[in-house]
A.B. asks: 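If you scroll down you'll find the structure; I have some questions about it.
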Amino acid sequence: MSASSRVSRQELAQRIAEDIPEGAYVNLGIGAPTLVANYLPADLEIILHTENGLLGMGPAPAVGSVDPDLINAGKQPVTALAGAAYFHHADSFGMMRGGHLDICVLGAFQVGSNGDLANWSTGAADAIPAVGGAMDLAIGARNVWIMTDLLAKSGESKLVTECTYPLTGVGCVSRVYTDYAVFDVIGNTFRVRELFGDNTVEALEDLTGLNLK
Amino acid sequence: MSASSRVSRQELAQRIAEDIPEGAYVNLGIGAPTLVANYLPADLEIILHTENGLLGMGPAPAVGSVDPDLINAGKQPVTALAGAAYFHHADSFGMMRGGHLDICVLGAFQVGSNGDLANWSTGAADAIPAVGGAMDLAIGARNVWIMTDLLAKSGESKLVTECTYPLTGVGCVSRVYTDYAVFDVIGNTFRVRELFGDNTVEALEDLTGLNLK
Amino acid sequence: MIDKTVTDVAQAVAGIADGSTVMIGGFGRAGQPVELIDALIEQGAGDLTIVSNNAGNGDTGLAALLAKGRVRRIICSFPRQHDSWVFDGLYRAGEIELELVPQGNLAERIRAAGAGIGGFFSPTGVGTQLAEGKEERTIDGRRYALEYPVRADYALISAHRGDRWGNLVYRETARNFGPIMAAAAGTTVAQVDELVELGALDPEAVVTPGIFTNRVVAVGPRSWVRDGGFVGGVDIDGNPLSGSGASR
Amino acid sequence: MIDKTVTDVAQAVAGIADGSTVMIGGFGRAGQPVELIDALIEQGAGDLTIVSNNAGNGDTGLAALLAKGRVRRIICSFPRQHDSWVFDGLYRAGEIELELVPQGNLAERIRAAGAGIGGFFSPTGVGTQLAEGKEERTIDGRRYALEYPVRADYALISAHRGDRWGNLVYRETARNFGPIMAAAAGTTVAQVDELVELGALDPEAVVTPGIFTNRVVAVGPRSWVRDGGFVGGVDIDGNPLSGSGASR
């Protein structure tokens, strides 16, 4: 598989942004998914939710205009758009848990073909555990999309038949955007939705060890 | 028992008002308990809650200044004091259920010596049922005080060993203000706290059929 | 551009199907979406389940909807009022089902639906007729009954001001059920006195964020408010003091 | 006259006993009651259970409280941060107990305590390690686990403005846990940037009604706000941009 068959993280963010329709309420998870915001078309109104208590989140402020009271879930400075609203944590997570968000984009350690997601803990014995809003996000949006490299640094596929890492949520993922291809999770299997570059389904089967047909 | 031994409804309201300390958060139920507001000392700050969504309720407005958006739980026009706050029904009843109100004053059909309260339904077969906030109020304040005539129009005691009317709340009443005397509910019995006029415990025992000693 | 505004109340209530569950905001006159209720009557949907604190009074609004036989079932806390003759008659005739719910449980069950809570243990009503048959549990020495969410296909609510994203603010105790119903319905329709520009509502003071609102329709100012200020001159039902009571 | 204001942070945290459960507001720097935490350290209470989204970072604030060995147990959602070395060390040494709770469950459990809910079924965490041992139930086809309220003896929170009745408003995302913690504690202590006259806060926009607040202490304006307006000039921790980082 040549490197040219893989899209960059920025290209992937852009690809995801293209799939978000105007009017959608969207939560972009900490890390790579945050990049998606950079590619949302300026002429479309897409409303970003940050679970620490803001709908209508805008881009990062200039350096001198950082407001420590106005941050996102990643504790980075943000701004608020006209039409924004603030609320407390119980209201914010109720918004999520209650199924009001259209799309949430998250990172992953592993995604199971049954839609299970593992993204909060590697299960390492000496790790300091921390979960934050990961589990709430995983079950909280109507569509949970994953943005991830297809392969872990070790070369193993992050798409698996069954997750071996501790789960974040059960059966919650509907789509996975990777650097090789986009997959839908349908009926307990991964289906290739879109291939990037010269990737083929067969080549992805080799890489992942999954039956993708 | 002479009529002079009974206090009027207004006197009883005044008597109750005397027992409410400054700084208390108080809900006055629909009907007679509403009268208590008229006797709260003007120089003391006592904060009235109305469960339809207001803390810091003030007196009724003048006729031309009635605001249909600003009402109490009895759907009567009220005003809001400086320092008031509005909130929605879930927050308002959470305030009550969560034990944040100091005192709630309610009417009663019957009060049991175990503190049970019946005040929402006579159980009549053809009655249209309606409960409103009665049950939430009954269990919702740290101190539930009852304001009532001691005797029903039929002459029967409203203080009973066990309620026969449908219950509003179980074991929730701590004190009963009647036109004859004030009673505390302690350890599954009524204890006379204060006698009005020339009432005696013995005379009240005759009237109620209860052991009050 | 997101624009949730619709131009008239007929559009606002379009699509409500027979058999729907419809929440109707308000407590007394305050917060009652009177224009939307009238539009629902006009629209014609029947076999409805209504969720509302009261069951209508007089011969207008919810009472008129009931009188036309459009309501199969009502979930409410206080159907009986001095002028609830329409409901009373239907109830006595066995022509309407009633689920009577203590007001705070009703509010919390609606809130639970909006917040994705599957059920909760409430102390209200425990040991009374209204908790009969419910699962009971003692937790930390207090008795509770298990209550389930109440959700709806549509919520019809009344707010004071709104913008094209559906952000809403209310006025005084007219807030009552609006914010929780907005979150508990598949489609939330808000009538507002006034539409304002996006950004005109203070984001610190927005009570219902637009995410909960699907349609917004302006119905014009309440008669007791002029240019944003309270002017009074009405009775508790909003009828002019000097008038004949002919207004709704 | 009701006056919940106290003149200094020492009075604000007076009476917190060893063994207390103390909620501490804030998410990141936003809404962190830094002056109250410092006062709590000074006050000396130990054997504490802390409820807070994070477990401290750097060497100040909550981390300093931990470093002094005052905390027996912490209930939080995200203890691990790049600079949470104090917590990390204590945790690895087995010197602090951790109850890890998904952030939304933590928020809802705190809210339940304030609202008198005995327990609730949440879909969050079901099927994961963090719901192991919890009672599970399928309701309307969705799996839920039973969660219990989290309450506290004290809540230490930070708000923007407050009055002598304890009414509070917050600023932007600094609102986070303040309102729900205020309702969930026996004694709620709020530090505010600014005390205002009773009536100065818009009753439509009060976020925490005074009923939930027991003590209010003014700590002076945030350095990035002047005369009520945002002026910036700080980093995300509130340190002056041009400064040496010596400020807290």
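So that the names make sense, note that chain A is the first sequence line, chain B the second, and so on, each numbered from 1.
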A.B. asks: What part of A:Asp91 gets closer than 4.5 Å to chain D, counting heavy atoms only: side chain, backbone, both or neither?
C.D. replies: neither
A.B. asks: Please flag which part of D:Val126 lies under 4.5 Å from any non-hydrogen atom of chain A: side chain, backbone, both or neither.
C.D. replies: backbone
A.B. asks: Between D:Gly127, D:Pro102, D:Pro179, D:Ala107, who has the most heavy-atom pairs with chain A when the cutoff is under 4.5 Å?
C.D. replies: D:Pro102
A.B. asks: Which pair of heavy atoms, one from A:Ile128 and one from D:Phe87, lies closest together, and at what distance?
C.D. replies: CG2-CE2, 3.6 Å
A.B. asks: Could you walk me through whether A:His89 and D:Ile110 satisfy the side chain to side chain contact (heavy atoms under 4.5 Å, CB included) test, starting with their C-alpha distance in whole Å, then the side-chain angles of each, then the deciding distance to 0.1 Å, before giving a yes or no?
C.D. replies: CA-CA 10 Å; A:His89 254 66; D:Ile110 293 169; over 6 Å; no
A.B. asks: Counting heavy-atom pairs under 4.5 Å with chain A, which one of D:Pro79, D:Gly232, D:Gly31, D:Gly233 comes out on top?
C.D. replies: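 Heavy-atom pair counts peak at D:Pro79.
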A.B. asks: Which one, D:Arg111, D:Gln129, D:Arg80, D:Gln81, leads in non-hydrogen pairs under 4.5 Å with chain A?
C.D. replies: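 Max contact count across the listed options: D:Arg80.
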A.B. asks: Just by distance, with hydrogens left out, do A:Lys75 and D:Asn57 show a side-chain donor and acceptor under 3.5 Å apart?
C.D. replies: no
A.B. asks: Between D:Leu100 and chain A, which part of the residue has a heavy atom less than 4.5 Å away: side chain, backbone, both or neither?
C.D. replies: side chain
A.B. asks: How far does CH2 of D:Trp224 sit from CG of A:Leu70, to the nearest 0.5 angstrom?
C.D. replies: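 Spacing of CH2 (D:Trp224) from CG (A:Leu70) equals 11.5 Å.
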A.B. asks: Can you tell which of D:Arg222, D:Arg175, D:Arg143 has the highest number of heavy-atom pairs within less than 4.5 Å of chain A?
C.D. replies: D:Arg175
A.B. asks: Looking at A:Gly53, A:Pro129, A:Gly64, A:Pro166, which makes the most heavy-atom pairs under 4.5 Å with chain D?
C.D. replies: A:Pro129
A.B. asks: What part of D:Phe27 lies closer than 4.5 angstrom to a heavy atom of chain A: side chain, backbone, both or neither?
C.D. replies: both
A.B. asks: At a 4.5 Å cut-off on heavy atoms, which part of D:Arg109 comes close to chain A: side chain, backbone, both, or neither?
C.D. replies: neither
A.B. asks: Counting heavy-atom pairs closer than 4.5 Å to chain A, which one of D:Cys76, D:Ala30, D:Ser84 comes out on top?
C.D. replies: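 That would be D:Ala30.
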A.B. asks: Between D:Ile236 and A:Pro68, what is the shortest heavy-atom contact and its length?
C.D. replies: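 Closest approach of D:Ile236 to A:Pro68: O-CB, 3.4 Å.
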A.B. asks: Select, from A:Asp136, A:Thr50, A:Asp116, the one with the greatest count of heavy-atom pairs under 4.5 Å involving chain D.
C.D. replies: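 So the answer, after comparing A:Asp136, A:Thr50, A:Asp116, is A:Asp136.
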A.B. asks: Answer with side chain, backbone, both or neither: which region of D:Leu106 has an atom nearer than 4.5 Å to a non-hydrogen atom of chain A?
C.D. replies: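 Nothing of D:Leu106, per the 4.5 Å heavy-atom cut-off to chain A.
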A.B. asks: Calculate, to the nearest 0.5 Å, the distance between atoms OG and CE belonging to D:Ser122 and A:Met135 respectively.
C.D. replies: 11.0 Å
A.B. asks: Using non-hydrogen atoms and a 4.5 Å limit, figure out which bit of A:Ser92 sits close to chain D: side chain, backbone, both or neither.
C.D. replies: neither
A.B. asks: Would you confirm whether D:Arg171, through its side chain, and A:Asp69, through its main-chain N or O, come within 3.5 Å as a donor-acceptor pair?
C.D. replies: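 Such a contact is absent between D:Arg171 side chain and A:Asp69 backbone.
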A.B. asks: Is A:Trp120 close to D:Leu130 at the side-chain level, that is, under 4.5 Å between some pair of heavy atoms?
C.D. replies: yes
A.B. asks: In this structure, are over 12 heavy atoms from other groups packed under 6.0 Å from D:Arg226 atom CZ?
C.D. replies: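 It does not: D:Arg226 CZ has 12 such atoms or fewer within range.
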A.B. asks: Taking every non-hydrogen pair under 4.5 Å, which of D:Asn54, D:Thr128, D:Asn53, D:Ile180 racks up the most with chain A?
C.D. replies: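 The residue among D:Asn54, D:Thr128, D:Asn53, D:Ile180 with the greatest pair count is D:Thr128.
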A.B. asks: Can you tell me how far CG of D:Asn176 sits from CG of A:Leu54, rounded to the nearest 0.5 angstrom?
C.D. replies: 12.0 Å
A.B. asks: Measure from the side-chain N and O atoms of D:Arg92 to the backbone N and O of A:Asp126, and report whether any donor-acceptor pair falls under 3.5 Å.
C.D. replies: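 Indeed, once roles are kept as given, a pair shorter than 3.5 Å links the two residues.
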A.B. asks: Name the region of D:Asn105, side chain, backbone, both or neither, that has any atom closer than 4.5 Å to a heavy atom of chain A.
C.D. replies: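 The answer is both parts of D:Asn105.
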A.B. asks: Answer with side chain, backbone, both or neither: which region of D:Tyr170 has an atom nearer than 4.5 Å to a non-hydrogen atom of chain A?
C.D. replies: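 For D:Tyr170, there is no contact with chain A at all, as no heavy atom is under 4.5 Å.
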A.B. asks: For the side chain of D:Thr173 and the backbone of A:Ile71, is there at least one donor-acceptor N/O pair under 3.5 Å apart?
C.D. replies: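 Checked: pair present.
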A.B. asks: Evaluate A:Phe93 against D:Gln103 for side chain to side chain contact (heavy atoms under 4.5 Å, CB included), listing each step before the verdict.
C.D. replies: CA-CA 8 Å; A:Phe93 282 82; D:Gln103 196 170 335; 3.5 Å; yes
A.B. asks: Could you tell me which portion of A:Val78 (side chain, backbone, both or neither) has an atom closer than 4.5 angstrom to a non-hydrogen atom of chain D?
C.D. replies: neither
A.B. asks: Which atoms of A:Ala127 come close to chain D, meaning under 4.5 Å heavy atom to heavy atom: side chain ones, backbone ones, both, or neither?
C.D. replies: backbone
A.B. asks: Go through A:Leu167, A:Asp67, A:Ile139 and name the one with the most non-hydrogen pairs under 4.5 angstrom from chain D.
C.D. replies: A:Asp67
A.B. asks: Could you look at D:Phe177 and say if it's the side chain, the backbone, both or neither that has a heavy atom under 4.5 Å from chain A?
C.D. replies: both
A.B. asks: Got a sec: does the CG of D:Asp140 have more than 12 other heavy atoms crowding it under 6.0 Å?
C.D. replies: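 No.
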A.B. asks: Could you look at D:Val101 and say if it's the side chain, the backbone, both or neither that has a heavy atom under 4.5 Å from chain A?
C.D. replies: backbone
A.B. asks: Does a sphere of radius 6.0 Å around CD in A:Glu156 hold more than 12 heavy atoms from other residues, nucleotides or ligands, not counting ones at 6.0 Å or beyond?
C.D. replies: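 No.
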